[in-house]
Asker: 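Okay, here's the structure, questions in a sec.
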Amino acid sequence: MKWEKAILGDVTDSCLGKMLDQEKNRGEYQPYLANIDVRWGSFNLDNLSEMRFEDDEDERYGLKYGDLVICEGGEPGRCAIWKDQIPNMKIQKALHRVRVHKELDYRYLFYWFLFAGKTGALEQYFTGATIKHMPGQKLKSVIIDKPPIEVQCRIADILSAYDDLIENNQKQIKLLEEAAQRLYKEWFVDLRFPGHETTSIVGGIPKGWFMTTVGDIGCQIESGSRPKGGIDLSLRDGIPSIGAENVIGLGKYNFSADKLVSFEFYNSMKRGKLKDRDILIYKDGAYIGRTSLFQDGFPHEKAAVNEHVFLLHTENKSLQYFLFFTLYQYEYFVKMQKLNKNAAQPGISAQAMLSLDILLPPFHVVHAFDEFVSPIMKNIFAKAKLNRELAEARNRLLPKLMSGEIEV
């Protein structure tokens with residue numbers, strides 16, 4: 001089916017976000033989105049940074065419901081729809097804000113970008129030989145398919161039905177995670193664990209608890225690797241190699257960042273293969289200390305980590321959830337950041353990681369926590385798997401709807 005073509009700059013208004021300049025910026029501190037916070041179809045809104053914005057900058061850098069937030073670099077074109085998740089949100093310079101005119105459905109435009117990103121149709125608008133960018137003028141020159149508005153709406157309705165279910169599951173995952181976090185805090189931070197009424201506390205430590213290290217509780221730590229010469233980006237069949245950009249939260253995964261290694265390389269790996277309940281810790285670069293978990297074959301039945309990721313596990317599976325939620329606390333994120341001793345190439349060593357202090361309760365308390373949290377975690381990963389299936393179903397429909405193969 002032949003549809004009208006349109007130049008993006010003729011049917012939208014767009015601008016880049018604000019340059020981060022602590023010396024020149026004025027006004028009140030407000031949260032902003034950076035490139036790293038934008039995923040395909042979603043945002044990572046944990047631990048957002050802030051910068052100064054003046055009142056008269058609200059219109060230029062502020063977001064409104066239905067705006068597309070599009071990455072200028074990193075993975076140019078990657079985008080998501082802003083739905084007023086947080087009030088007064090702004091954007092930083094590495095992002096474009098695109099606001100549609102009345103002849104465009106903002107949801108349709110998102111799916112057009114998602115389809116174009118998957119097919120490589122955006123690459124002609126990129127600049128840079130090694131690090132790709134899509135500057136403002138290039139973005140404005142993008143030529144899109146523009147079917148009648150009623151067709152746009154029907155396409156968006158069909159595809160967004162999947163994404164609405166995914167979003168609802170993500171909200172439930174967040175509530176389940178918060179429930180597990182509250183239980184951890186009640187037992188191990190506020191010290192209202194089972195039996196606390198009859199347990200004496202000396203120097204802030206309950207009787208029977210003791211301070212030890214990650215290494216001394218029997219943890220094993222390993223990191224992965226990648227093939228000599230690097231990842232072959234043309235590989236279409238293999239085993240996912242997980243890096244810092246992939247896992248963006250508990251039960252949340254950026255599948256668009258998948259990189260594969262061959263089956264032969266995976267089979268030859270002696271370290272770095274993911275096993276159930278493995279804790280993932282990012283050990284270098286901008287992601288030091290970010291922690292997540294592999295469970296029930298999510299995000300992939302078989303997967304490996306690259307050299308930027310530690311895997312942490314113990315022989316005693318009952319310790320894994322306690323250890324994960326301990327390292328998942330912001331306090332430990334800060335501690336792991338401080339383990340970095342290299343300013344030029346930030347990173348932490350396995351030895352430093354194993355030396356991290358940890359307050360260990362008696363086994364019966366840890367075991368009770370494991371029994372409480374296990375069904376919660378199973379539910380989280382079941383919903384995460386369902387989201388993957390929903391996304392795959394949407395992606396099978398996407399090219400057929402966006403090409404007009406299926407009429408609506």
Asker: For Q137, is the CD atom crowded, meaning more than 12 foreign heavy atoms sit under 6.0 Å from it?
Answerer: no
Asker: Scan side-chain atoms only and decide if Y253 and N246 contain a donor-acceptor pair under the 3.5 Å cut-off.
Answerer: yes
Asker: Taking atom types as modelled and ignoring hydrogens, do the side chains of Y108 and D145 form a donor-acceptor contact shorter than 3.5 angstrom?
Answerer: no
Asker: Kindly determine whether F255 and H300 satisfy ring-ring contact (aromatic ring centres under 6.0 Å, His included), including the steps that lead there.
Answerer: CA-CA 10 Å; F255 287 95; H300 299 279; 5.6 Å; yes
Asker: Looking at Y32, is K18 sitting on its ring face, NZ or CZ under 6.0 Å from the six-membered ring centre and within 45 degrees of the normal?
Answerer: no
Asker: Between the side chain of N316 and the main-chain N/O of S318, is any donor-acceptor distance below 3.5 Å?
Answerer: yes
Asker: K335 vs E331, test: salt bridge (Lys or Arg N to Asp or Glu O under 4.0 Å). Steps then yes/no.
Answerer: CA-CA 6 Å; K335 285 183 178 182; E331 172 193 354; 3.5 Å; yes
Asker: For E315, look at atom CD and say whether over 12 heavy atoms of other residues, nucleotides or ligands are found less than 6.0 Å away.
Answerer: no
Asker: Establish, yes or no, whether the cationic atom of K138 lies under 6.0 Å from the six-membered ring centre of F126 and within 45° of the ring axis.
Answerer: no
Asker: What is the ring orientation for F188 with W209, classed by angle as parallel under 30°, tilted 30 to 60°, or perpendicular over 60°?
Answerer: tilted
Asker: So is K90 actually on top of Y61's ring, under 6.0 Å and inside 45° of the axis?
Answerer: no
Asker: Does NZ or CZ of K118 lie under 6.0 Å from the centre of the six-membered ring of F115, at an angle within 45° of the ring axis?
Answerer: no
Asker: Checking S292 against Y282: is there a side-chain donor and acceptor pair closer than 3.5 Å?
Answerer: no
Asker: Around atom NZ of K174, are there more than 12 heavy atoms of other residues, nucleotides or ligands at under 6.0 Å?
Answerer: no
Asker: Measure across E103 and I149 and return the closest heavy-atom pair with its distance rounded to 0.1 Å.
Answerer: O-CD1, 3.7 Å
Asker: Taking all non-hydrogen atoms of both residues, which atom of P240 and which atom of G238 are closest, and how far apart?
Answerer: CD-O, 4.0 Å
Asker: Is the number of heavy atoms from other residues, nucleotides or ligands under 6.0 Å of D46 CG greater than 12?
Answerer: yes
Asker: Report, as yes or no, whether the 6.0 Å neighbourhood of atom CD on Q351 holds more than 12 heavy atoms from other residues, nucleotides or ligands.
Answerer: no
